[in-house]
Amino acid sequence: MSEKANIGVVGLAVMGSNLARNLASRAGNRVAIYNRSADKTQLLTKEHPEANFLASETIDDFVANLTKPRTAIIMVQAGAGTDAVIEQLAERFEPGDIIVDGGNALYTDTMRREKEVSAKGIHFVGAGISGGEEGALKGPSIMPGGTKEAYKTLGPILESIAAVVAGEPCVTHIGSDGAGHFVKMIHNGIEYADMQLIAESYDLLRQSGGFSPKEIADIFTEWNKGELESYLIEITAEVLKQTDAKTGKPFVDIVVDAAGSKGTGVWTVQTSLNLGVPVSGIAEAVFARSLSSQTEQRQGKPELPAQNQTWNITDKELFVESVRKALYASKIIAYAQGFDAIRAGAKEFGWEINLGEVAKIWRGGCIIRAQFLNRITDAYRSKPNLLSLLFDDYFLKAIDDSVAAWREVVAMAALTGIPAPAFASSLSYYDGLRAERLPAALVQGQRDFFGAHTYKRVDQPGTFHTRWSQDRSEVQTD
Ligand code: 6PG
């Protein structure tokens, strides 16, 4: 084995350390490591002699420890720290070398950085890495952007550490410059929706169904054997099973009900708004976290009238099955919206993103890994230009099987006064897509009335305006 390293990792917090260990455990890799404070580098080297790391005290040592083309993965917290490390590396690297940002960077930052770094002939790859701490160590799902040329060197290294499903590594070259981080951002948006939908299911099962957290854990474990099988359902059951050691209460009851976030969900919604893509399920999940954290309003509320009704559940098994169906249908909507946003982003930024490949590399390693990603992969493989996931035969049938229960669950939540925003908005999105006529025609009329914003007619081409404040006659403006 060469004295030098074929790959380097900068930033040795948990994600960086685990990724470095993962890299080191794969045949053919020798890993150089560097951290701003040297004690972390020393500790990691000491704790993991088996990794045979090339520990670097300074950034100069680190760069000198790499074989050419030098390839370094930055694993520092997204933001100014990333820019600082990029600058240090770019000053020392040569044309043809590769800088990879493995953090959760905003794709527009990645596009800017790629422009700056590539001006020096150095490759810059923004790579989304999903799977949390364990994924980084054992096999994440990786979404690299950047040039095809950089991927030739980087691809095999990433393939060596990625999760593997059905013999295929969960990594693919997503597209140029910011495409990888864009897709990772949407992954996180879907993650928010998926988590919120599971949380709403729990809430309905507990409040309406009267099930205990432990019973709901069992229900989720059961669901995890079917079409809902996924990492998030699996870990939710684990969380619900947990008992607080101090109080003996269910863990879920001792945690403050204000959800945090680091921003990728908000980015997904902001970006999709700009692209004109209605990612309403994802947006509701982001809003639900915001509402939960509006502690002042929530604590300072007067007695807000409810006028809610009771809902008699006569068949508990049927009720559980209805919630399961509502969850499955809403989940399909979240994914359909997420894939729509990827398609729109690809169009806007000129990326050639293969949606089937994206679904394929999400089947393992990442937080949203789920059995039904196989179905999404199949759907886009057989019809790469599928307009919406909902138009695929498999998903059409899945919705057909669920829609009656879905309506019932949303109606029940509204009548009984239990918030289920992601369930409800997903159903509204679905009905909006189905509708033959939308009230948008009336909105166009309102816009034309107060702002002469014009409208199109259903029966002839052209653009029209009605002289509302005069004789209400119509003029053609275009
Ligand atoms: C992943 C996750 C990860 C993300 C966390 C925290 O794919 O491994 O998406 O990248 O940082 O899930 O996200 P929030 O703090 O915003 O919930």
Side-chain angles (χ1 to χ4, degrees), residues 11 13-19 22 73-79 81-82 100-107 109-110 126-145 158 161-163 165 170-172 174 178 180-200 230-236 238-239 255-272 279 281-293 334-335 338 341-342 358-370 373 422:
V14 191
M15 284 294 285
S17 301
N18 283 0
L19 201 79
N22 185 353
I73 306 181
I74 303 172
M75 295 296 293
V76 303
Q77 209 176 353
T82 310
V100 184
D101 174 14
N104 263 337
L106 180 58
Y107 70 99
D109 284 340
T110 303
I129 301 181
S130 177
E133 295 170 10
E134 201 185 317
L137 182 63
K138 296 184 179 159
S141 170
I142 313 177
M143 294 146 257
L158 298 182
I161 58 164
V165 173
C170 294
V171 54
T172 190
I174 301 283
H181 274 144
F182 185 95
V183 166
K184 174 60 169 54
M185 174 187 76
I186 303 294
H187 164 283
N188 280 29
I190 295 173
E191 173 185 304
Y192 274 54
D194 213 340
M195 291 166 74
Q196 175 65 22
L197 290 167
I198 294 172
E200 288 178 17
S230 63
Y231 172 70
L232 284 171
I233 292 276
E234 182 191 323
I235 64 158
T236 306
E238 293 302 319
V239 174
V255 176
V256 175
D257 59 344
S261 66
K262 296 205 192 75
T264 47
V266 172
W267 294 346
T268 304
V269 179
Q270 284 171 336
T271 301
S272 303
V279 291
I282 298 172
E284 282 302 342
V286 176
F287 293 151
R289 288 199 194 184
S290 312
L291 188 143
S292 76
S293 300
Y335 279 74
I342 296 177
V358 171
K360 196 183 94 181
I361 65 159
W362 285 352
R363 292 179 306 168
C366 65
I367 304 294
I368 63 171
R369 60 184 182 261
L373 276 154

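One-based numbering, in listed order, for ligands and for the atoms of each.
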Considering only non-hydrogen protein atoms, determine which one is nearest to [atom] and report residue, atom name and distance to 0.1 Å.
atom	value
atom 6 (C) of ligand 1	Lys262 NZ, 3.7 Å
atom 7 (O) of ligand 1	Ser130 OG, 2.4 Å
atom 8 (O) of ligand 1	Gly131 N, 3.0 Å
atom 16 (O) of ligand 1	Tyr192 OH, 2.5 Å
atom 2 (C) of ligand 1	Glu191 OE1, 3.4 Å
atom 11 (O) of ligand 1	Asn104 ND2, 3.3 Å

Discussion item. With heavy-atom distances below 4.5 Å as the criterion, would you say the side chains of Tyr335 and Asp194 are in contact?
Written reply: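 Side-chain contact under 4.5 Å: yes.
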Item checked: Candidate list Asn104, Thr264, Thr110, test side chain to side chain donor-acceptor pair (under 3.5 Å), partner Lys184, passing option ->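 Option passing the side chain to side chain donor-acceptor pair (under 3.5 Å) with Lys184: Asn104.
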Does ligand 1 have a heavy atom under 4.0 Å from the side chain of Arg289, from its backbone, from both, or from neither?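 Only the side chain of Arg289 comes within reach of ligand 1.
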Check whether any heavy atom of [X] sits under 4.0 Å from an atom of ligand 1.
X	value
Lys184	yes
Gly132	yes
Cys366	no

### Task
Ignoring hydrogens and angles, tell me if any N or O in the side chain of Ser293 forms a donor-acceptor pair with the backbone of Ala259 under 3.5 Å.
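The answer is yes, because a donor-acceptor pair under 3.5 Å joins these two groups.
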